[in-house]
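First listed ligand is number 1; within each ligand, the first listed atom is number 1.
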Amino acid sequence: MQNNVRPETMERITTPALAEAFIEEQIKAVRAEVGDRKVLLALSGGVDSSVVAALLIKAIGKQLVCVHVNHGLMRKNESEGVIKLFRGEFDANLIYVDATDRFLDLLAGVSDPESKRKIIGAEFINVFAEEADKFEKNSFLAQGTIYPDILESIKQAEGKQAVKSHHNVGGLPDDIAEKFSLLEPLKLLYKDEVRVVGRALGLSSELVDRQPFPGPGLGVRCLGAITRDRLAALREADAILREEFANSGLSKTVWQYFVVIPDIKSVGVKDEGRYEGWPAIIRAVNTKDAMTATIEEIPYALLHKICARITSEVAGINRVLYDITPKPTGTIEWE
Ligand code: XMP
């Protein structure tokens with residue numbers, strides 16, 4: 001069993017050769033530990049869980065059972081992409097759970113940001129626990145924990161308060177959790193090393209270099225009480241923003257960029273008539289550690305293009321705003 005402290009002598013994984021060596025070492029360790037038992041993994045499609053999945057598939061093939069929960073708050077085509085990649089290219093044992101209605105029904109009418117986060121986090125555990133409950137005793141639960149997560153939990157244990165409660169896959173109920181031992185093959189790696197390992201495992205740069213996406217997904221960007229129509233508008237507007245950032249090369253230089261839609265309408269005009277709609281707020285920030293963030297200067301011509309596309313292509317949106325607030329005083333997300 002590895003402990004949770006990265007040895008000072010551990011070499012930083014910066015090259016494909018070092019990544020290969022790490023992968024070989026982990027494959028041996030995982031096979032020795034797991035034997036012929038099953039391993040369960042919540043596969044969100046983010047960098048960390050995808051790298052764990054790719055690594056474990058290489059080590060134990062179909063003994064790994066990936067569960068992808070679609071909470072209905074994913075970006076456009078995101079779940080489809082996870083299924084295509086892992087079932088198609090990696091031939092993974094992947095269970096897809098579309099829990100959209102469960103989440104959106106629970107969230108209906110809930111406007112407080114922390115209550116929304118708690119509902120999403122708790123329901124995620126409920127859905128995942130239903131899958132975990134099907135496993136036999138002495139199975140394994142794999143997690144994409146990385147070294148900054150370990151350092152963060154040490155800080156929290158020391159009593160430093162966080163501004164927002166960040167929810168990822170947390171604890172399963174005790175009676176289910178006791179069936180599993182934890183498997184955290186990336187827990188001593190920094191994010192840049194996880195990316196190098198991901199590339200060596202054959203994951204695309206589009207995946208390993210992707211921007212962070214919060215666990216509660218679009219739920220914290222569809223401000224106030226989430227409605228299906230406003231969520232659909234957010235998903236479309238976000239897809240346009242991402243497409244334009246990719247086409248202009250900004251996706252390579254901007255750390256995180258997304259759309260937020262508040263629960264307000266303003267008067268506008270369309271087809272020569274009154275058109276009440278929501279504003280789409282664009283956020284594009286650069287940061288090293290997400291503790292502070294600066295605003296990216298986006299060329300005006302690109303902002304005009306994004307505005308024209310969103311207001312003409314997305315039903316319900318009649319204005320586009322650019323948020324120029326650094327962190328502090330704003331946080332990166334609006335909720
Ligand atoms: P804030 O808004 O606190 O965000 O400045 C800092 C970074 O954390 C991400 N974020 C989250 N990630 N669950 C997550 O997994 C969450 O609830 C959550 N809230 C914010 C945010 O996208 C940014 O990268």
Would you check the N or O atoms of K327, main chain and side chain alike, for any that come under 3.5 Å of an N or O of ligand 1? yes
Kindly confirm or rule out an N or O of I332 lying under 3.5 angstrom from an N or O of ligand 1. yes
Within a reach of under 6.0 Å around NZ of K191, are more than 12 heavy atoms found that belong to other residues, nucleotides or ligands? yes
For ligand 1, which atoms have a heavy atom of W255 less than 4.0 angstrom away? 24 (O)
Per-atom contacts of ligand 1 with T331, taking only distances under 4.0 Å to non-hydrogen atoms: 1 (P), 2 (O), 5 (O)
Kindly say whether A290 contributes a backbone atom to a donor-acceptor pair with the side chain of K327 at under 3.5 angstrom? yes
Filter on salt bridge (charged side-chain N to carboxylate O under 4.0 Å, His left out), then keep only pairs touching residues 226-236, sequence neighbours left out; what's left? K76-E236, D101-R228, D105-R228, R230-D263
Partners passing salt bridge (Lys or Arg N to Asp or Glu O under 4.0 Å) against K305 (at least two apart in sequence or in another chain): E244
Classify the angle between the aromatic ring planes of F245 and Y257 as parallel (below 30°), tilted (30 to 60°) or perpendicular (above 60°). parallel
With respect to atom 19 (N) of ligand 1, which of E114, Q211, E333, R117 exhibits the smallest heavy-atom separation? R117
Heavy atom to atom 18 (C) of ligand 1, shortest distance: which of P214, P212, G219 holds it? P214
